[in-house]
Enquirer: 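Mind looking over this structure? Questions follow.
The model shown is predicted, which means the values in this text are computed figures rather than measured ones.
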Amino acid sequence: MIEAPAVIERLRRTTDTIVGETALIERLAAGRPLRIKYGVDCTAPDLHLGHAVNLWMMRQLQDLGHKVVFLLGDLTTRIGDPTGKSETRPTLSPAQIEANAASFLDQVSLVLRTEPEVFEVRRNSEWFGSMEVATLLGLFSQVTHAQLMARDMFRERIAAGREIALHELIYPVLQGYDSFAMDSDLTIVGSDQLFNEQLGRHFQQRLGSPPQALVITTITPGIDGGPKQSKSLNNYIALTDTPKDKFGKLMSLPDTLVQTYAHVYTELPLDVVAALGEAAAQGGPAARDAKLKLAAAVVTRYHGANTAKAERAGFTEQFTHRNIPGDLPEIAVQTSSPTILELLQAARPELSNSDLRRLIRQGAVSIEDQKVLSHDQPIPLSEPVTLRSGSRTFHRIVRA
RNA sequence: GGCAGGUUGCCCGAGUGGCCAAAGGGAGCAGACUGUAAAUCUGUCGGCUUAUGCCUACGCAGGUUCGAACCCUGCACCUGCCA
């Protein structure tokens with residue numbers, strides 16, 4: 001049994017602040033498994049390394065016997081969380097919500113354990129779906145206007161002369177009540193959720209339960225060094241990225257981010273993290289090697305040491321030794337002597353013909369290491385050939 | 001409610017009648033170089049079986065004109081100021 005303060009210490013690595021720390025230590029020390037709230041909105045999920053920082057913290061607690069309660073906000077999703085949004089969000093159909101929930105579970109299970117002893121799935125429609133208006137009004141009476149106006153986003157919207165729909169105002173109240181309804185002991189969230197989860201503590205206290213502790217995680221940087229990973233900035237590494245993509249994206253980090261990444265996104269000992277940072281600052285092959293170690297450590301966490309080792313070897317082969325990788329995606333073609341453009345259309349369906357012509361014009365396309373510069377050049381396919389389009393995209397072309 | 005300004009390509013942003021598929025920046029893509037998909041430099045960056053060609057595009061719908069992102073009318077949304 002690990003002592004409670006030691007548990008906290010482990011979490012501290014990626015923690016900014018803890019609300020209710022003393023109570024949390026007491027509860028950990030009591031030996032009872034904690035219920036950890038992991039509440040999500042059922043919008044289309046695309047979890048990335050930043051989300052996973054929270055998940056890994058929960059995973060550590062699961063390994064100590066605590067239970068993650070995965071709370072699908074199926075009912076509240078119909079409202080839409082106004083956090084950080086300037087506009088009201090469109091509502092989702094029930095079918096869409098179900099599909100998103102399934103996808104969420106898939107992605108979450110890449111990090112969390114899902115045995116029933118340490119994982120439970122709940123939905124907030126369980127308590128909100130059939131709640132009486134009188135009960136609801138009772139809840140509302142527990143929260144004052146001033147409390148809601150403490151939310152900076154609401155104040156900003158008002159100051160800007162924008163509307164706030166009543167249901168948006170109510171959203172944090174409902175999210176807060178979730179914590180009471182599901183008996184949350186602890187929730188691990190980013191600072192953007194601090195306000196909503198504080199309301200959770202408020203409800204629990206008002207309704208006679210001990211308030212949940214809040215572990216607010218550190219901000220986790222995107223691969224461009226920006227303050228967060230986001231889809232719109234296209235600077236994130238998704239949990240569903242292939243090991244190869246994870247490895248490659250990590251190698252494309254600016255050298256200056258190596259230490260931060262190693263700290264936040266791996267479990268490497270802190271002295272190793274510091275050493276990697278120093279190596280990265282040195283530049284030269286030392287920096288590259290540090291980054292290789294970082295990439296391997298992250299890939300190991302998600303896909304195991306063997307996969308990481310293979311990706312590392314593959315990367316060195318392809319980019320340091322400039323060899324063509326071994327296992328290429330295969331494209332089967334019907335015609336015996338297609339033009340290079342036809343081959344590219346088959347191999348890169350996501351690109352437009354104009355894009356493909358551009359690649360050819362810029363000298364990015366080669367067959368068997370021979371540059372092809374004319375878009376209508378026929379390629380005889382008596383033997384399978386290797387098609388290269390760009391510095392890191394290869395296909396094996398075979399006759400169908 | 002009144003007055004003024006705005007709505008441009010993935011994002012930001014210039015353009016006020018033909019030289020506009022639209023300056024500049026960012027992102028993306030490619031090439032060179034290298035230590036890597038870092039950094040740097042260069043090129044490219046709507047689509048079309050490539051074409052001094054066609055199609056689509058400057059909030060939406062009409063109109064004026066040989067010709068409209070640019071002028072006019074209406075509509076929608078946004079911003080600022082006043083009340």
Enquirer: Of the nucleotides B:C29, B:G35, B:A38, which has the atom closest to the A:K291 side chain?
Expert: B:A38
Enquirer: Considering Watson-Crick and G-U wobble pairs with both distances under 3.5 Å, what does B:G31 pair with?
Expert: B:C41
Enquirer: Taking the same atom, P, in B:G59 and in B:C81, what whole-Å distance lies between them?
Expert: 25 Å
Enquirer: Does B:G1 have a Watson-Crick or wobble mate here (both distances under 3.5 Å), and if so which one?
Expert: B:C82
Enquirer: Using the P atoms only, state how far B:A4 lies from B:C72, rounded to an integer number of Å.
Expert: 14 Å
Enquirer: For the side chain of A:D255 and the base of B:G35, is some donor closer than 3.5 Å to an acceptor across the two?
Expert: yes
Enquirer: Please state whether the phosphate of B:C29, meaning OP1 or OP2, lies under 4.0 angstrom from any side-chain nitrogen or oxygen of A:R392.
Expert: yes
Enquirer: On RNA chain B, check which nucleotide each of A:L351 and A:D245 is closest to and give me the residue with the more 5' one.
Expert: A:D245
Enquirer: How far apart are the closest heavy atoms of A:G190 and A:N54, and which atoms are they?
Expert: N-ND2, 3.9 Å
Enquirer: A:T316 near the nucleic acid: base, sugar-phosphate alone, or nothing, with a heavy-atom cut-off under 4.0 Å?
Expert: nothing
Enquirer: Quickly work out the A:R361 CZ to B:G43 P distance and round it to whole Å.
Expert: 14 Å
Enquirer: I'd like the P distance from B:U64 over to B:A68, given in whole Å.
Expert: 12 Å
Enquirer: Report the distance from atom CZ of A:F394 to atom P of B:A30, rounded to the nearest whole Å.
Expert: 11 Å
Enquirer: Would you say A:T320 places a side-chain N or O within less than 4.0 Å of OP1 or OP2 belonging to B:U36?
Expert: yes
Enquirer: Using only modelled atom types and a 3.5 angstrom limit, is any donor from either the side chain of A:Q362 or the base of B:G43 paired with an acceptor on the other?
Expert: yes
Enquirer: Watson-Crick or G-U wobble partner for B:C75, using a 3.5 Å limit on both distances?
Expert: B:G59
Enquirer: Would you classify A:A364 as touching base, sugar-phosphate or nothing, given that sugar-phosphate means primed atoms plus P, OP1 and OP2, and contacts are heavy atoms under 4.0 Å?
Expert: sugar-phosphate
Enquirer: A:D185 pairs by salt bridge (charged side-chain N to carboxylate O under 4.0 Å, His left out) with which of A:K37, A:R35, A:K67, A:R27?
Expert: A:R27
Enquirer: Any sub-3.5 Å donor-acceptor pair from A:R201's side-chain atoms to A:Q212's backbone N or O?
Expert: yes
Enquirer: Rounding to an integer number of Å, can you tell me how far A:K249 NZ sits from B:U36 P?
Expert: 21 Å
Enquirer: Need one value for A:K246: base, sugar-phosphate or nothing, where a base atom within 4.0 Å counts as base even if backbone is also close, heavy atoms only.
Expert: nothing
Enquirer: Do any side-chain nitrogens or oxygens of A:S354 fall under 4.0 Å of OP1 or OP2 in B:C48?
Expert: yes
Enquirer: Report the distance from atom CD of A:E317 to atom P of B:A37, rounded to the nearest whole Å.
Expert: 14 Å
Enquirer: Does A:S352 place a side-chain N or O at less than 4.0 Å from the phosphate oxygens OP1/OP2 of B:G47?
Expert: yes
Enquirer: When rounded to the nearest Å, what value does the distance between C1' atoms of B:G53 and B:C58 take?
Expert: 23 Å
Enquirer: Counting side-chain heavy atoms from CB outward, which of B:G47, B:A38, B:A37 is closest to A:M251?
Expert: B:A37
Enquirer: Is the number of heavy atoms from other residues, nucleotides or ligands within 6.0 Å of NE2 (A:H321) greater than 12?
Expert: yes
Enquirer: Using distance alone, with no hydrogens and no angle criterion, decide if A:R388 and A:T393 have a side-chain donor and acceptor under 3.5 Å apart.
Expert: no
Enquirer: Go ahead and name the base partner of B:G53; Watson-Crick or wobble counts if both distances stay under 3.5 Å, otherwise write none.
Expert: B:C48
Enquirer: With respect to the side chain of A:N353, which nucleotide from B:G31, B:U49, B:G35 is positioned closest?
Expert: B:U49
Enquirer: Hey, does A:L292 have a side-chain heavy atom less than 4.5 Å from the side chain of A:F247?
Expert: yes
Enquirer: What is the distance, to the nearest angstrom, from the CG atom on A:L344 to the P atom on B:C29?
Expert: 17 Å
Enquirer: B:U8 and B:A21: how far apart are their C1' atoms, nearest whole angstrom?
Expert: 12 Å
Enquirer: Of the nucleotides B:A37, B:G35, B:U44, which has the atom closest to the A:R358 side chain?
Expert: B:U44
Enquirer: Looking at every strand, decide which applies to A:G248 at a 4.0 Å heavy-atom threshold: base, sugar-phosphate, or nothing.
Expert: base
Enquirer: Strictly by Watson-Crick or wobble contacts shorter than 3.5 Å, is anything paired with B:C70, and which nucleotide is it?
Expert: none
Enquirer: Under the side chain to side chain contact (heavy atoms under 4.5 Å, CB included) test, which residues partner A:A364, sequence neighbours left out?
Expert: A:L359
Enquirer: In whole Å, I'd like the distance from the CD1 atom of A:I360 to the P atom of B:U44.
Expert: 17 Å
Enquirer: Rounded to the nearest angstrom, tell me the gap between atom CG in A:L356 and atom P in B:G28.
Expert: 20 Å
Enquirer: Roughly how many Å is it from CD in A:Q318 to C1' in B:A37, rounded to a whole number?
Expert: 9 Å
Enquirer: Nearest-nucleotide wise, let me know which of A:Q345 and A:T256 is further upstream toward the 5' end of RNA chain B.
Expert: A:T256
Enquirer: Is there a ring-ring contact (aromatic ring centres under 6.0 Å, His included) between A:F180 and A:F203? Walk through the geometry before answering.
Expert: CA-CA 6 Å; A:F180 168 78; A:F203 270 117; 8.1 Å; no
Enquirer: Quote, to the nearest angstrom, the C1' distance that separates B:G24 from B:C60.
Expert: 29 Å
Enquirer: Partner lookup for B:G24, please. Criteria are Watson-Crick or G-U wobble with both distances under 3.5 angstrom; report none if nothing qualifies.
Expert: B:C12
Enquirer: Report yes if a side-chain nitrogen or oxygen of A:R288 is closer than 4.0 Å to either non-bridging phosphate oxygen (OP1 or OP2) of B:A39; otherwise report no.
Expert: no
